[in-house]
Amino acid sequence: MKANRSSIVRAVEQPDGGTRFYLFYGPDEAQSRALAARLAESLSASRYLISGGSVKSDPALLADEAGAMNLFGGKRLVWIEPAGEDIVEGVSALLELPATESPVVAIAGALRKTSGLLKLAEASPHALACVSYAPEGEDAQRLVMELGRRVGLRIGPGVAARIATSGGNDQAVIAQELEKLSLYLDASPHSPKELDHDAVDAVGAEAAEGNFLRLADLAMSGQLAELTDELARLSAGGTEGVPVVRSLQRRLLMLAPARARIERGERPDAVMASVGRGLYSKEKDRLSGLLSKWSADDLAKVADRAQRLQRDLMFSDAPAREALGEELIAIARKARSL
């Protein structure tokens with residue numbers, strides 16, 4: 001079945017035993033993961049990871065794992081990531097079972113309306129499908145305020161807009177930054193504190209050690225020297241790799257629709273007036289420069305490369321910092337040639 005935002009929140013917080021397959025898809029994979037994590041928490045279940053490639057090579061695997069008893073006791077949630085059309089046969093077998101022991105959740109990126117996986121999930125009474133889009137403007141500000149309340153922070157619209165922008169509108173990155181700010185202010189849900197710009201300046205996402213969006217913007221604007229300096233400051237383990245790529249993806253999701261409107265004939269200043277709502281002036285100037293530099297086709301190519309890089313960073317043993325650096329430098333060189 002197809003779920004909207006309000007119904008999916010109820011579904012993951014009060015899981016129905018009749019639902020055995022959850023498909024969370026769309027461009028905002030951080031939101032999809034957050035929904036899956038809330039489902040696991042509501043079920044008090046451990047995660048059992050399966051790759052889409054494993055399901056493709058053995059379609060019966062998914063039904064076997066969902067139907068098996070947990071030898072160590074307790075509940076488990078079978079988790080597939082990344083998911084795509086290669087798991088359709090396995091999901092079909094899962095939905096045909098008379099009953100299952102464990103539900104299955106699949107995290108997919110953007111799916112076409114003609115996707116076989118999407119059609120299968122929406123048609124079955126034993127499945128739920130929900131799309132996640134990156135929040136923008138006031139929606140992004142509300143997301144920051146809500147996440148802040150959970151960790152004891154009272155956040156005004158101006159500070160919320162700044163945090164949303166610096167975190168690339170990525171829910172996972174924003175939540176991590178708010179937890180750090182909550183600790184800095186000694187805040188909690190029982191003892192809430194006001195979050196102001198001074199605290200964000202001191203330890204927020206714009207600090208040198210965690211400025212993920214800055215790396216993305218340096219690459220997109222072609223500032224090779226500054227980009228190289230920032231990359232050298234990343235940890236040797238490359239733990240910032242995936243958050244940086246997600247910040248790049250959020251920037252692309254902001255730029256691509258706006259650039260498409262310009263190429264359809266809309267005036268750039270009118271487009272900027274609509275996409276720049278809630279942003280401070282320096283951020284608007286940065287977006288305006290990127291919109292004038294990149295075409296819609298080039299943005300689409302960078303988005304494809306970013307998606308492949310994220311999956312490589314998550315599921316490969318290759319050094320993360322090196323892979324991230326190579327890709328961002330390639331983007332910066334392309335930007336300099338535009």
Side-chain angles (χ1 to χ4, degrees), residues 1-26 28-132 171-172 242 307 310-311 314-316:
M1 293 184 292
K2 186 175 182 178
N4 57 31
R5 294 304 303 173
S6 59
S7 64
I8 198 62
V9 170
R10 290 194 301 271
V12 298
E13 292 184 347
Q14 302 173 24
D16 179 355
T19 303
R20 64 184 65 164
F21 180 64
Y22 297 82
L23 175 63
F24 299 138
Y25 69 101
D28 192 347
E29 294 185 22
Q31 250 190 86
S32 294
R33 287 190 199 90
L35 286 170
R38 289 169 75 176
L39 174 64
E41 183 179 351
S42 298
L43 291 168
S44 298
S46 59
R47 303 179 191 184
Y48 182 78
L49 301 177
I50 296 180
S51 69
S54 298
V55 179
K56 180 181 180 180
S57 60
D58 181 8
L61 174 67
L62 193 56
D64 290 343
E65 293 296 345
M69 297 286 290
N70 189 348
L71 297 177
F72 301 99
K75 298 181 180 179
R76 69 176 184 171
L77 176 65
V78 179
W79 186 299
I80 309 171
E81 185 178 358
E85 298 304 299
D86 51 357
I87 70 168
V88 168
E89 190 175 348
V91 173
S92 180
L94 167 73
L95 295 175
E96 290 174 359
L97 290 176
T100 60
E101 286 290 330
S102 305
V104 176
V105 62
I107 310 297
L111 296 176
R112 298 179 182 274
K113 291 182 179 179
T114 56
S115 160
L117 179 62
L118 181 58
K119 287 182 177 180
L120 186 63
E122 290 183 342
S124 173
H126 300 301
L128 279 179
C130 182
V131 61
S132 296
Q171 182 171 331
V242 171
Q307 186 174 31
Q310 178 179 332
R311 292 185 176 181
M314 292 175 65
F315 298 102
S316 170

Give a yes or no on whether Glu13 atom CD has more than 12 heavy-atom contacts from other residues, nucleotides or ligands under 6.0 Å away.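 Yes, the 6.0 Å shell around CD holds more than 12 heavy atoms from other groups.
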
Over 12 foreign heavy atoms within 6.0 Å of CD, Glu89: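 It does not: Glu89 CD has 12 such atoms or fewer within range.
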
Which residues pass the side chain to side chain donor-acceptor pair (under 3.5 Å) test with Arg76, not counting sequence neighbours?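 Side chain to side chain donor-acceptor pair (under 3.5 Å) check on Arg76 returns Glu65.
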
For Arg47, all residues meeting side chain to side chain donor-acceptor pair (under 3.5 Å), sequence neighbours excluded: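 Counting only residues at least two positions away or on another chain, Arg47 forms no side chain to side chain donor-acceptor pair (under 3.5 Å).
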
[atom1]-[atom2] distance between [X] and [Y], expressed to the nearest 0.5 angstrom:
X: Leu120; Y: Glu85; atom1: CG; atom2: CD; value: 10.0 Å
X: Ile87; Y: Ser51; atom1: CD1; atom2: OG; value: 10.5 Å
X: Leu118; Y: Lys2; atom1: CG; atom2: NZ; value: 7.5 Å
X: Lys119; Y: Ser124; atom1: NZ; atom2: OG; value: 15.5 Å
X: Phe24; Y: Gln31; atom1: CZ; atom2: CD; value: 11.0 Å
X: Ile50; Y: Leu62; atom1: CD1; atom2: CG; value: 5.5 Å

Taking [X] for the side chain and [Y] for the main chain, is one N or O donor matched with an acceptor at less than 3.5 Å?
X: Ser132; Y: Gly26; result: no
X: Ser42; Y: Arg38; result: yes
X: Thr100; Y: Pro103; result: no
X: Arg20; Y: Ala66; result: no

Specify the closest pair of heavy atoms between [X] and [Y], including all atoms of both residues, with the distance to one decimal.
X: Ala121; Y: Leu23; result: CB-CD2, 4.0 Å
X: Ala127; Y: Leu95; result: CB-CD2, 4.2 Å
X: Trp79; Y: Ala36; result: CH2-CB, 3.3 Å
X: Gly109; Y: Tyr25; result: O-CB, 3.5 Å
X: Ala45; Y: Leu77; result: CB-N, 3.9 Å
X: Gly116; Y: Val88; result: C-CG2, 4.0 Å

Among Leu35, Val104, Leu128, Ile107, whose side-chain contact (heavy atoms from CB on, under 4.5 Å) with Tyr22 holds?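 Exactly one option meets the side-chain contact (heavy atoms from CB on, under 4.5 Å) with Tyr22, and it is Leu128.
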
Considering residues at least two apart in sequence or located in another chain, which fulfil the side chain to side chain contact (heavy atoms under 4.5 Å, CB included) criterion with Asp58?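 Result, side chain to side chain contact (heavy atoms under 4.5 Å, CB included) vs Asp58: Ala60, Leu61.
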
